[in-house]
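One structure, as structure tokens, below. Some questions next.
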Amino acid sequence: TKKAVQFNPADIKEELLKKYPPKVARKRATQIMINEAQESETPSEIVANVRTIPGIITMRGCTYAGCKGVIMGPTRDILNITHGPIGCGFYSWLTRRNQTDAGETGENYMPYCFSTDMQDQDIIFGGEKKLAAAIEEAYDLFHPKGICVFATCPVGLIGDDIHAVARKMKAKFGDCNVFAFSCEGYKGVSQSAGHHIANNQVFTHLVGENQTPPAGEYKINLLGEYNIGGDGFEIDRVLKKCGITNIATFSGNSSYEQFASAQHADLSAVMCHRSINYVADMLETKYGIPWIKVNFIGAGATAKSLRKIGQYFGDKALVDRIEAVIAEELPVVEAVAADVKTRTTGKTAMLFVGGSRAHHYNELFQEMGMKTLSAGYEFGHRDDYEGREVIPSLTVDADSRNIEEIEVEADEKLYRARKTPEEIKALEDAGYKFKHYDGLNRDMDKGSIIIDDLNQYEAEKLVELLKPDIFCAGIKEKFSIQKLGVPMKQLHSYDSGGPYAGFKGAVNFYKEIDRLVSSKVWSYMKAPWQQNPELTATFVWE
Ligand code: CFM
Ligand code: HCA
């Protein structure tokens, strides 16, 4: 049995900051927050979505990763070409474990990695011709419905006009939708700007193209679900059982046609709002499709989200069917939870994932009786922490303006809590619709430590100070944490596991976490020479 860690969060914060030069410590102090959201009306402020201080080894990724890897990567029949050095294409090639099912006849280009493989001479003389040739070669080989082109850092620096090349090739082919993304890695402070750029382009160039309404009742779009480890398959199974038609998932297990038909849905259900809220807003503004926040991570959250969808349609047949599904699925999950809880209750966790999973998985850990000591996002914005209270109907052309400016402008409009009644009225008069959903802070215990853009040093320090029973983050953290003798579960790729969403996913997750926190192997983490220092040899010069 493990001793309960008693800690004073203020001391921990001080300890984390101690190592930094004064200026760095001052900035980091604004991104480390001791949670008090439970008690106060206005959640405490955290600084988020700002540049990482150079020299710090951040957990973040780049804007290209957020655009190409995250949003567009999981779509099987759009052919994605990276315009850049080969590493950018290679490291965003299926590492995320986003799965797809093309059926017997469907196209699937995900097993391929398409890149222009930029070389020194392209940097000097320009890469546009090479890009046009790559698009043509891909078209001749595969005849896809769509080709997307993604800019990497050097493309922006040398000024290749990827949009002009895409337009030219689209006109030349006539039957293939070619469009491009100015998602150079450096464009924003993290992946987040890449989401925004991807949202804008896919909405501008693809959504609404298919005029024929798909068949089915209770039509929804599932936004912000990426089918990592098969999560989307499990959610689709549950939705289908309830009689809900999923027109388009953005973008797990998705296809060109799904995006093209998304405007036929009656409702958007938003799972990871960080990555896709811009599409949700644009669907609402242009097509009048409202959106609600859902979460299918955790059995309780799944039941709640299904009920929320049922409530939106307000149809008795649907509501009854949803209740029947919950009544059938939930007891199986609860039985496993009851067993697992005998071992997991009181255990502690730390969760540091991109922009929504820290929040979503906190709920799953709560279902197991576990406590999250510290959590945060790599690239969340303030609304992901504090909750969002106003939706800006912001449709911006991210390619013609500085994306950082746009993001600041969008974020500034979100915080109703900090606005005067006059300011709120002015926003409402201007057409902004107020909505509410909770951020991470609301669900974390008082006194837990919330940290934005955690880095390598702070991660190791936190583990050393608080000794959690499990640490959840990504591949860069995996082995440094395990070397400290603490089990580490990847909440991005799920290591080799999943699905963890929906009812069946919750069962998988309970069992996996139980296995990890109950294992004795972590107590054998001292090497023989650390336990028996007499083995240390002394070198004697004769
Ligand atoms: Fe949304 Fe995601 Fe996440 Fe994200 Fe990501 Fe991801 Fe993530 Mo990795 S879209 S914000 S940019 S839930 S890839 S499927 S796991 S960091 S917490
Ligand atoms: C990304 C993708 C990533 C990386 C995960 C990790 C993912 O941000 O580019 O660091 O392990 O989920 O695959 O977030």
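Both counts, for ligands and for their atoms, begin at 1 and track the order of listing. As a basis for the values below, the full set of heavy atoms in this structure was taken, side chains included, without hydrogen atoms, waters or symmetry mates. Only a predicted model underlies this, so the values are computations on that prediction, with no experimental measurement involved.
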| query | Does a donor on one side chain sit under 3.5 Å from an acceptor on the other, for Trp291 and Asn221? | reply |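 There is no such pair (donor and acceptor under 3.5 Å, judged by atom type) between the side chains of Trp291 and Asn221.
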| message | Tell me the contacting part of Arg96 for ligand 2: side chain, backbone, both, or neither, using a 4.0 Å heavy-atom threshold, strictly below. | response | both
| said: Other residues, nucleotides and ligands only: do more than 12 of their heavy atoms fall within 6.0 Å of NZ on Lys489? | reply: yes
| query | Looking only at protein heavy atoms, which one is nearest to atom 4 (Fe) of ligand 1, and how far off is it? | reply |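 The answer is Phe379 CZ, 3.9 Å.
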| Quick check, are the ring centers of Phe150 and Phe114 under 6.0 angstrom apart? | no
| Who's the nearest protein heavy-atom neighbour of atom 9 (O) of ligand 2, and how far? | Ala65 CB, 3.3 Å
| said: Looking at non-hydrogen atoms alone, which of Gly354, Pro74, Gly73 comes nearest to atom 17 (S) of ligand 1? | reply: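 Nearest heavy atom to atom 17 (S) of ligand 1 lies in Gly354.
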| said: Could you identify the single nearest non-hydrogen protein atom to atom 2 (Fe) of ligand 1 and state the distance to 0.1 Å? | reply: Tyr226 CD1, 4.0 Å
| Would Gly61 count as a contact of ligand 2 if the rule is a heavy atom under 4.0 Å away? | no
| request: Give the residue and atom name of whichever protein heavy atom lies nearest to atom 4 (C) of ligand 2, and the separation in Å to one decimal. | output: His492 ND1, 4.0 Å
| Val70 neighbourhood, listing ligand 1 atoms whose heavy-atom distance to it stays under 4.0 Å |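 In order of numbering, the contacting atoms are 9 (S), 11 (S), 13 (S).
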| Does the side chain of Thr75 pick up a donor-acceptor pair with the side chain of Ser254 at under 3.5 Å? |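 Result is yes, a qualifying pair exists.
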| remark: Atoms of ligand 1 under 4.0 Å from any heavy atom of Gly355, numbered from 1 in the order shown, are 3 (Fe), 10 (S), 17 (S)
| request: Examine Arg96 relative to Tyr226 and say whether NZ or CZ is less than 6.0 Å from the centre of the six-membered ring and inside a 45° cone about the ring axis. | output: yes
| Considering only protein heavy atoms, which is closest to atom 14 (S) of ligand 1, and at what distance to one decimal place? |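 So the nearest neighbour among protein heavy atoms is Arg96 NH2, 3.2 Å.
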| Is any side-chain N of the basic residue among Glu329 and Arg237 closer than 4.0 Å to the acidic one's carboxylate O? | yes
| request: Assess whether atom OH of Tyr457 is packed by more than 12 heavy atoms of other residues, nucleotides or ligands within 6.0 Å. | output: yes
| said: Asp384 vs His273, test: side chain to side chain donor-acceptor pair (under 3.5 Å). Steps then yes/no. | reply: CA-CA 8 Å; Asp384 300 304; His273 111 281; 3.1 Å; yes
| For atom 12 (S) of ligand 1, the protein heavy atom that lies nearest, with its residue and separation |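 Here the closest protein heavy atom is Ser356 OG, 3.2 Å.
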| field | Enumerated ligand 1 atoms positioned under 4.0 Å from heavy atoms of Ser275 | value |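 Under 4.0 Å from Ser275, ligand 1 has these atoms: 1 (Fe), 9 (S).
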| task | Report the part of Lys476 in contact with ligand 2, treating N, CA, C, O as backbone and CB onward as side chain, heavy atoms under 4.0 Å; options are side chain, backbone, both, neither. | result |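 For Lys476, the contact with ligand 2 is made by the side chain alone.
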| Under 4.0 Å between a Lys/Arg side-chain N and an Asp/Glu carboxylate O for Asp495 and Lys478? |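 Here Asp495 pairs with Lys478 in a salt bridge, since their nearest N and O are under 4.0 Å apart.
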| message | Give me the nearest non-hydrogen protein atom to atom 1 (C) of ligand 2 as residue plus atom name, then the distance to 0.1 Å. | response |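 The closest heavy atom on the protein side is Gln191 NE2, 3.8 Å.
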| query | Nearest protein heavy-atom contact for atom 11 (S) of ligand 1: which residue, which atom, what distance? | reply |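 In this structure, atom 11 (S) of ligand 1 has His195 NE2, 3.1 Å as its nearest protein heavy atom.
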| Shortest reach to atom 10 (O) of ligand 2 by a heavy atom, considering only Val353, Ile475, Leu94, Val70 | Ile475
| field | Tyr377 contact mode with ligand 1 (heavy-atom cut-off under 4.0 Å) | value | neither
| Counting only heavy atoms not in Ile86, do more than 12 fall under 6.0 Å of its CD1? | yes
| query | Just which atoms of ligand 1 are under 4.0 Å from any heavy atom in His492? | reply |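 Those atoms are 7 (Fe), 8 (Mo), 15 (S), 16 (S).
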| query | What are the atoms of ligand 1, with element, lying closer than 4.0 Å to any heavy atom of Cys272? | reply |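 Counting from 1, the qualifying ligand atoms are 1 (Fe), 9 (S), 10 (S), 12 (S).
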| message | Between Glu458 and Lys461, does any side-chain N to carboxylate O distance fall below 4.0 Å? | response | no
| Quick one: which of Ile276, Ile220, Ile247, Leu223 gives a side-chain contact (heavy atoms from CB on, under 4.5 Å) with Ser268? | Leu223
